[in-house]
Undergrad: 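Quick one: structure below, then a few questions.
Throughout, a chain's letter reflects where its sequence line sits, starting with A, and its residues are numbered from 1. When reading the values below, keep in mind they use all heavy atoms of this one structure, side chains included, and skip hydrogens, waters and symmetry mates. Note that the structure is a prediction, hence the values are computed from the model and not measured.
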Amino acid sequence: AQKITQTQPGMFVQEKEAVTLDCTYDTSDPSYGLFWYKQPSSGEMIFLIYQGSYDQQNATEGRYSLNFQKARKSANLVISASQLGDSAMYFCAMREGGYNKLIFGAGTRLAVHP
Amino acid sequence: NAGVTQTPKFRILKIGQSMTLQCAQDMNHNYMYWYRQDPGMGLKLIYYSVGAGITDKGEVPNGYNVSRSTTEDFPLRLELAAPSQTSVYFCASLRGLTNEKLFFGSGTQLSVL
């Protein structure tokens, strides 16, 4: 069964607008962590934001925020004021259980249009 | 600070050949991982290690082997390369805190023809 689901293979947004990238997860472990990574066309993996399952507030990092809805098991990434440089693949990932292993979703390709 | 270093960056193998992908980190991290990323897909865990001398299988270990003789190095061995192993391979590490991000290498693009 899919542990991390990203239902949007591709998204586009106008420059300076906000965009939400969806991520749902499945786990029975009460302790888990959720990550978002950006992969530009150059291929490197860039960490964006982290949310722990016990964190009371939604995580924010600059223009990135994570809309964490625990009961719905969703961890959507919100990018505010999109920039052309935000065009990339975005991966949601979950750390579950021991050994800090991350499970990745299939990704969403975001295109920012001028 | 070099971080996580992977070599080579690109490699073309013939079916049946073997090779070792090198990964080294200079951050004294306990945990190291090998992932593969097929075109247009997410990353899948091949093997991981929680310290020198300790390794375990991930989601897709078939066709690969690893070793961890030192904290710094975590090489991935491909024996009898197959076209299905054409992928981008990422090595990653972290110290061990649960909220800590993975530090990724720059990846190795491997083609098996």
Side-chain angles (χ1 to χ4, degrees), chain A residues 1-10 21 23-25 27 29-55 57 59 61 64 66 68 88-109, chain B residues 2-6 8-10 23 25 27 29-51 54-61 66 68 74 87-111:
Chain A
Q2 285 272 29
K3 293 251 183 180
I4 294 283
T5 303
Q6 295 181 253
T7 58
Q8 307 152 313
L21 306 183
C23 174
T24 58
Y25 60 92
T27 182
D29 192 335
S31 176
Y32 55 90
L34 297 155
F35 297 77
W36 278 91
Y37 281 84
K38 172 184 177 182
Q39 187 179 44
S41 57
S42 54
E44 73 263 39
M45 296 291 288
I46 301 169
F47 166 77
L48 295 178
I49 197 166
Y50 167 82
Q51 180 85 43
S53 59
Y54 295 119
D55 292 344
Q57 293 189 325
E61 292 281 353
Y64 304 107
L66 201 152
F68 182 45
M89 281 288 284
Y90 288 81
F91 292 100
C92 180
M94 178 174 67
R95 173 194 51 77
E96 179 193 45
Y99 308 125
N100 292 304
K101 294 179 287 183
L102 287 195
I103 303 165
F104 285 81
T108 295
R109 183 171 297 280
Chain B
V4 179
T5 302
Q6 287 185 240
K9 292 193 183 303
F10 304 94
C23 175
Q25 53 89 10
M27 298 172 282
H29 284 174
N30 294 318
Y31 294 77
M32 295 187 75
Y33 309 85
W34 275 105
Y35 286 91
R36 61 176 285 174
Q37 183 182 24
D38 297 334
M41 303 294 288
L43 281 69
K44 293 188 185 297
L45 183 63
I46 306 171
Y47 270 95
Y48 67 98
S49 170
V50 301
I54 306 170
T55 63
D56 204 351
K57 297 177 180 179
E59 184 182 1
V60 289
V66 293
R68 184 98 181 267
F74 190 41
S87 192
V88 178
Y89 292 83
F90 287 98
C91 180
S93 74
L94 61 79
R95 187 176 46 194
L97 299 178
T98 55
N99 63 345
E100 189 180 354
K101 66 178 183 180
L102 277 178
F103 289 79
F104 281 91
S106 57
T108 295
Q109 188 167 327
L110 176 67
S111 296

Undergrad: Between CZ of B:F103 and CZ of A:F47, what distance do you get to the nearest 0.5 Å?
TA: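 It is 9.5 Å, given to the nearest 0.5 Å.
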
Undergrad: Test of understanding: with side chain to side chain contact (heavy atoms under 4.5 Å, CB included), list the residues that count as partners of B:I54, not counting sequence neighbours.
TA: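 Partners of B:I54 by the side chain to side chain contact (heavy atoms under 4.5 Å, CB included) criterion, ordered by chain and then number, come out as B:V50.
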
Undergrad: Please state whether the side chain, the backbone, both or neither of A:Q39 comes within less than 4.5 Å of a heavy atom of chain B.
TA: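 The side chain, not the backbone.
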
Undergrad: Report the distance from atom NZ of B:K101 to atom CZ of A:F35, rounding to the nearest 0.5 Å.
TA: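 Output value for this atom pair is 11.0 Å.
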
Undergrad: Side chain, backbone, both or neither: which part of B:L94 has an atom under 4.5 Å from a heavy atom of chain A?
TA: side chain

Undergrad: Pick whichever of B:V88, B:N30, B:L102, B:L45 has the most heavy-atom pairs under 4.5 Å with chain A.
TA: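 Answer, by heavy-atom pair count under 4.5 Å with chain A: B:L102.
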
Undergrad: Is B:Y48 reaching over with its side chain to a backbone N or O of A:N100, donor-acceptor style, under 3.5 angstrom?
TA: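 Here the side-chain-to-backbone pair does not exist.
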
Undergrad: Can you see which heavy atom on B:Q37 is nearest to which on A:F91, and at what distance?
TA: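 Residues B:Q37 and A:F91, closest heavy atoms: NE2-CZ, 3.3 Å.
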
Undergrad: Taking OH in A:Y99 as the centre, count heavy atoms belonging to other residues, nucleotides or ligands within less than 6.0 Å. Is the count above 12?
TA: no

Undergrad: Quick one: are A:K101 and B:Y33 in side-chain contact, heavy atoms under 4.5 Å?
TA: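 Of all side-chain heavy-atom pairs linking B:Y33 with A:K101, at least one is under 4.5 Å.
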
Undergrad: If you look at every heavy atom in A:M45 and B:F90, which pair is closest and at what distance?
TA: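 Nearest pair, atom of A:M45 first, then B:F90: CG-CE2, 4.2 Å.
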
Undergrad: Would you find a donor on one side and an acceptor on the other, under 3.5 Å apart, between the side chain of B:Y35 and the backbone of A:L102?
TA: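 Here the side-chain-to-backbone pair exists.
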
Undergrad: Need one label for A:Y32: side chain, backbone, both or neither, based on atoms under 4.5 Å from any heavy atom in chain B.
TA: neither

Undergrad: Enter the distance from A:F104:CZ to B:M41:CE here, rounded to the nearest 0.5 Å.
TA: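 Here the interatomic distance stands at 13.5 Å.
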
